[in-house]
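Quick caveat: nothing in here was measured; it's all calculated off a predicted structure.
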Amino acid sequence: MTATEHAEHAGDADHAHEHPSDGQYVLIAAVLAFITGAEVLTYYIDFFKSHFALLVVTLMPMMIIKFGIVAAFFMHLRFDSKLFRRVFITGILLATFVYMVLLSTFHVFKH
């Protein structure tokens, strides 16, 4: 094994230790399932059916948290360059802003 191959192999070994274990992935999946359950539950609560703006305000943070968890762990952004994190954070903030502008354009919050 050449020195370059050895250095690359050592880098792979260090990189492998940064990632979560199988148990941590199961915990992450459980957290995502819990948040998804809370999102579904909010749809069936009658209070939110009559107050659509509150439904959106309640669901948006849960959506952002789920996006962040999936991007951080399953897309491995937590272990990548900070530049990639910034790009994804900018993307989710921009998407949220555009979605809210679209909803307010159609006067969704006035109902």
Side-chain angles (χ1 to χ4, degrees):
M1 183 181 285
T2 67
T4 305
E5 290 173 341
H6 181 48
E8 288 176 3
H9 186 267
D12 290 342
D14 290 339
H15 188 67
H17 292 289
E18 294 177 3
H19 294 285
S21 67
D22 292 344
Q24 289 171 321
Y25 276 122
V26 170
L27 179 63
I28 293 165
V31 168
L32 290 171
F34 177 78
I35 295 172
T36 301
E39 288 174 330
V40 171
L41 181 65
T42 58
Y43 181 76
Y44 289 105
I45 297 174
D46 290 332
F47 174 75
F48 288 114
K49 288 181 181 179
S50 59
H51 298 90
F52 185 76
L54 287 175
L55 178 67
V56 172
V57 170
T58 303
L59 290 175
M60 289 302 286
M62 288 189 269
M63 181 266 314
I64 292 170
I65 291 168
K66 280 178 38 176
F67 175 83
I69 291 171
V70 169
F73 290 100
F74 293 108
M75 296 173 67
H76 305 287
L77 284 180
R78 183 170 183 213
F79 314 105
D80 276 339
S81 169
K82 289 182 180 181
L83 175 66
F84 295 137
R85 267 186 253 157
R86 289 184 185 129
V87 168
F88 268 80
I89 290 171
T90 302
I92 192 65
L93 292 176
L94 180 62
T96 303
F97 175 74
V98 168
Y99 185 66
M100 292 303 216
V101 167
L102 180 72
L103 288 176
S104 58
T105 299
F106 289 112
H107 306 286
V108 170
F109 296 115
K110 291 184 181 179
H111 293 228

- Message: So Phe74 and Leu32, do their side chains get closer than 4.5 Å, heavy atoms only?
- Response: yes

- Message: Could you report the tightest heavy-atom contact between Met62 and Thr58, atom names first, then the distance?
- Response: CE-O, 3.4 Å

- Item | Same apolar cluster (I L V M F W Y, side chains within < 4.5 Å links), Met63/Val31 | yes

- Task: Could you check Phe106 against Leu102 for side chain to side chain contact (heavy atoms under 4.5 Å, CB included), going step by step and ending with a plain yes or no?
- Result: CA-CA 7 Å; Phe106 289 112; Leu102 180 72; 3.3 Å; yes

- Side-chain heavy atoms under 4.5 angstrom apart, residues restricted to Ile, Leu, Val, Met, Phe, Trp, Tyr: same cluster for Ile69 and Leu27? no

- Query: Would a hydrophobic clustering, with Ile, Leu, Val, Met, Phe, Trp and Tyr connected at side-chain separations under 4.5 Å, put Leu103 with Phe48?
  - Reply: yes

- Message: Is it the case that atom CZ in Phe84 sees more than 12 heavy atoms from other parts of the structure closer than 6.0 Å?
- Response: no

- Message: Membership question, hydrophobic clusters at under 4.5 Å side-chain separation (ILVMFWY): are Phe73 and Met75 in the same one?
- Response: yes

- Item | Sole candidate of Val56, Val57, Leu55 that passes side chain to side chain contact (heavy atoms under 4.5 Å, CB included) when paired with Leu59 | Leu55

- Query: Do the non-hydrogen side-chain atoms of Met60 and Tyr99 ever get within less than 4.5 Å of each other?
  - Reply: yes

- Message: Would you say that Ile92 contacts Phe88 through its side chain, given a criterion of any heavy-atom pair below 4.5 Å between the two side chains?
- Response: no

- Item | Between OG1 on residue Thr96 and CD1 on residue Ile64, distance to nearest 0.5 Å | 4.0 Å

- Message: Counting C-beta onward and ignoring hydrogens, is there a side-chain heavy-atom pair between Asp80 and Arg85 closer than 4.5 Å?
- Response: no

- Item | Single-linkage hydrophobic cluster, 4.5 Å side-chain cutoff, Val40 and Tyr43 together | yes

